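Step one of this worksheet: look at the structure below.
Within every chain, numbering begins at 1; the chains are lettered A, B, ... in the order of the sequence lines, protein sequences first and strands thereafter. Because the structure is predicted, anything quoted here is derived from the model rather than measured.
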Amino acid sequence: MSKLPARGIPSGLRTINGLRQPSAAVTASLSVPISRNVSTSSRLSPLFQSSPPKNVGTSLDLRPSVNFIKGIRLFSSANLPKHIRVALPALSPTMELGTVVSWQKKEGDQLSEGDLLCEIETDKATMGFETPEEGYLAKILISEGTKDVPIGKLLCIIVENEADVAAFASFADSGAAPAAAAAPAAAPKAPAAAAPSPPPVQPVAPTFAAAPAAAPASPPAGGRVAATPFAKKLAAQQGVDLAAVAGSGPGGRILASDLANAPKAAAPAATAAPAAATAGGADFTDIQLTNMRRTIAKRLTESKSTIPHYYLTSEVSIDKLLEVRERLNGLLSKGPAGQAGATKLSINDFIVKASALACLRVPEANSFFMDTFIRQNKNVDVSVAVSTPAGLITPIIFNAHAKGLATISSEVTELAKRAREGKLQPHEFQGGTFTVSNLGMFGSVSHFTAIINPPQSCILAIGGAETKLVPDDASGYKQIRVMKVTLSCDHRTVDGAIGAMWLKHFKQFLESPHTMLL
Amino acid sequence: MLKGLVSSKAVASLARRAASTEATFQSKEYKLHKLDNGPSTQVSVSRDDALKFYQQMQVIRRMESAAGNLYKEKKIRGFCHLYSGQEACAVGIKAAMTQGDSVITAYRCHGWTYLLGSTCTEVLAELTGRISGNVHGKGGSMHMYRPDFYGGNGIVGAQQPLGAGVAFALKYRGQKNICVTLYGDGAANQGQLFEAANMAKLWGLPVIFVCENNGFGMGTTAERSSASTDYFTRGDYVPGIWVDGMDVLAVREAFRWSKEYCDAGKGPLMIELATYRYSGHSMSDPGTSYRTRDEIQQVRKTRDPITGFKDRILSAGLVNEEELKAIDKAVRAEVDDAVTRATTDGVLPAEALYSDIYHNTPAQMIRGATIDETITQPFLRTEDVLKSIGHSQ
């Protein structure tokens with residue numbers, strides 16, 4: 001009995017079910033051309049690409065397969081030792097993007113079966129990625145913290161021998177590989193083109209700066225620009241026009257280092273021509289989305305597009321309110337009993353209290369639409385909109401209906417302060433049954449309509465106070481201070497009449513503050 | 001586990017520094033249920049067999065690992081249940097089987113398909129749905145078949161009564177063969193197992209019910225799923241044996257003994273193989289939400305079937321490092337070649353969808369995906385399709 005495994009037989013003689021399977025006949029008869037070497041010694045079988053087979057179900061990756069399959073490429077263009085390219089895996093069938101959270105192994109570490117390579121965050125959860133091969137981690141291409149990497153992108157390189165690790169020290173992902181054949185093909189072409197046209201290339205570069213009117217995209221008189229493939233790639237990435245770069249390689253060939261030396265020189269020359277659109281970075285700044293911005297974008301879009309908003313505006317005369325406020329503040333400043341530190345009441349505190357009491361009177365406005373039922377909340381937790389440098393956040397005053405104005409005032413101040421420092425706990429801003437948003441302090445907004453925060457049903461938008469002249473029986477006219485408030489309501493829970501009723505109560509509480517005692 | 005307790009013959013050969021031809025080891029004690037005697041704990045292996053078992057287990061391990069990687073690259077879709085960690089069960093059982101013995105298992109069947117005659121290419125190409133696959137791409141992960149291998153079954157526990165039925169056929173035909181019916185600890189609580197065991201015992205069928213207890217029914221531990229985790233006793237009136245499923249030699253010995261028992265007409269047996277799976281239940285399961293990674297690493301370090309066996313045969317002087325390294329290399333090459341083929345070969349033409357639907361009938365009218373695609377079967381059998389495109393079987 002042979003000690004060698006039966007499967008070590010060359011494929012040409014391999015049998016299936018006892019019938020010989022001549023590999024040539026197989027390849028010839030299949031409708032798809034397959035260019036591969038059917039030798040069993042796979043050390044010499046480079047991983048060729050093949051056109052995707054007909055009738056194959058799904059082929060999500062349209063780029064050449066050589067990037068994705070862990071293949072053994074012996075003779076790549078840079079003559080790297082035998083290695084395995086590991087692409088970002090699809091850890092779940094629905095995963096399309098992944099974020100590399102952390103690497104458990106460093107470059108040079110040994111990898112054994114079952115070892116964790118890195119943690120990858122998917123759309124669902126953070127999952128560990130075990131090493132697909134044993135060996136040594138040669139190079140990490142996607143570093144810790146890189147967000148939203150598409151699956152199939154080159155993640156790392158694994159080699160069999162520890163000695164090969166050093167060869168990958170400066171390895172860079174070459175993206176869509178034109179395969180080993182293209183690189184040597186491009187190289188002989190470049191010197192051939194450079195030879196007849198070195199003189200045109202050289203003068204074009206320096207004179208370009210002097211003649212910015214010349215269309216930056218037009219090729220030099222000699223024909224194609226001689227540049228190494230890497231330089232071409234970098235130029236495309238950086239948006240640099242190769243015709244504007246002086247080459248320092250043989251025959252005036254542009255090298256990657258030339259781009260590093262003079263990319264900015266080309267850019268200003270290009271921007272001199274106003275029509276040039278190749279200059280990037282000067283006209284706009286891209287700001288990465290923070291989690292907060294992302295959340296605001298998502299939630300408010302969802303709210304505005306799914307909730308049937310309607311708006312009720314009321315003009316509230318606040319003279320009496322201002323009077324009461326002054327008197328109360330006077331009392332508080334004289335050192336009230338039971339209060340630690342004098343708080344100064346603001347109009348907003350009255351508004352919060354009045355809203356809470358109005359919600360008690362009209363519980364529909366204090367409810368949640370829960371798809372199949374409506375939840376009427378018994379307590380009124382008022383979310384107060386606070387503007388922070390990071391974005392809008394709504395800390396909550398819990399049980400506002402039961403708290404006094406001074407308590408509300410101190411809580412709002414404290415929460416707003418912590419909100420601006422970014423120190424709010426999730427439970428302090430998630431929840432709430434009613435929202436109040438006040439833009440009156442800017443002096444520029446007379447009235448506005450706010451977007452409801454789901455699952456709440458209403459949001460009250462407070463505009464700035466204005467002075468108005470109104471007719472008066474006694475002296476013909478009088479001056480009053482008014483402020484416009486707009487209640488946005490979710491028609492699924494609050495009908496127009498209900499909303500109007502709420503506003504009636506609210507207006508009464510503000511115009512006759514003593515009624516809040518009832 | 002007492003590793004590497006060698007026979008005097010092996011010790012003598014160690015002293016001579018020449019490769020010996022046979023070594024004996026001590027396996028873990030078997031637990032018996034309703035049996036007075038059982039398999040021997042003195043297990044021996046010849047040099048050739050040692051190399052063969054090592055190679056087979058390595059192929060299965062690498063092949064399953066390649067399947068996992070292909071799945072992560074989205075070259076394999078759908079279900080994919082990996083056998084990594086349980087290789088010793090399959091290799092040990094196959095070693096004890098003779099020509100004519102049948103096997104039926106559940107969906108963790110890639111390793112079995114390989115052992116029962118498919119090449120690595122055929123298994124991986126079947127997973128990727130290519131024409132060079134085991135059933136030419138029409139089956140996929142859970143529906144692979146070989147002569148005397150009844151798959152490959154998707155429904156949990158469906159194979160248990162089928163296995164009893166196959167054994168019934170063997171007995172009916174007067175064959176001195178057994179049917180090995182494998183299932184997991186999760187399927188051990190299925191009702192049809194007990195129904196099948198009843199009929200098997202009643203009619204004295206040569207069926208061996210094998211519970212591959214890897215400790216988890218998907219994500220549920222055996223303790224949380226079963227009132228009795230002594231799966232070898234669950235047959236009640238069917239005698240049972242508990243075997244260490246990470247020791248390929250113990251498994252082989254247990255099945256050699258059991259085959260003798262069944263061939264002698266003494267009826268069915270229920271064997272529990274205590275094993276472990278390193279990957280999750282399937283590729284949708286990362287395998288770490290119900291157990292810690294440390295636990296998996298711990299089993300890899302202490303109970304791995306391949307390294308355990310490797311240590312044994314090395315320290316017994318049966319084989320040397322170079323031979324094993326050569327096998328590793330050959331296995332790697334074989335699997336890599338299979339991966340290449342599995343990702344580049346073509347697929348069956350569309351007409352193949354209409355073939356192998358009925359047996360022994362004239363061409364029938366078959367509805368396609370839409371009523372417009374209703375045609376009379378152009379080919380009755382898949383082999384006809386293959387012949388028409390010139391692909392030899």
Are any of the side-chain nitrogens in [X] or [Y] under 4.0 Å away from the carboxylate oxygens of its partner?
X: B:Arg62; Y: A:Glu133; result: yes
X: A:Glu130; Y: B:Arg293; result: yes
X: B:Lys74; Y: A:Glu96; result: no

So for atom CZ, which belongs to A:Phe230, do other residues, nucleotides or ligands contribute more than 12 heavy atoms lying within a distance under 6.0 Å?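 At most 12 heavy atoms, drawn from other residues, nucleotides or ligands, come within 6.0 Å of this atom.
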*asked:* Check this for me: B:Phe379, atom CZ, are more than 12 non-hydrogen atoms of other residues, nucleotides or ligands nearer than 6.0 Å?
replied: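 Yes, because the 6.0 Å sphere around CZ of B:Phe379 holds more than 12 heavy atoms from other groups.
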Handout entry: Close side-chain approach of B:Thr288 and A:Met127, heavy atoms under 4.5 Å
Key =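 Answer no - side chains too far apart.
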- Query: Is any side-chain heavy atom of A:Met95 closer than 4.5 Å to a side-chain heavy atom of B:Lys72?
  - Reply: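 Contact flag for A:Met95/B:Lys72 side chains = no.
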Locate the shortest heavy-atom distance separating A:Pro132 from B:Ser65; write the atom from each residue and the value.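 Smallest interatomic distance, heavy atoms only, reads O-OG, 3.8 Å.
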Check: Looking at A:Ser92, A:Gly114, A:Ser112, which one has more heavy-atom pairs under 4.5 Å with chain B than the rest?
Finding: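 Among the listed options, the one with the most contacts to chain B is A:Gly114.
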For the atom pair CD (A:Glu113) and OG1 (B:Thr307), what is the distance rounded to the nearest 0.5 Å?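 Output value for this atom pair is 9.0 Å.
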Would you give the length of the straight line joining atom CD1 of A:Ile84 to atom CG of B:Asn69, rounded to the nearest 0.5 angstrom?
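If I round to the nearest 0.5 Å, the distance is 9.5 Å.
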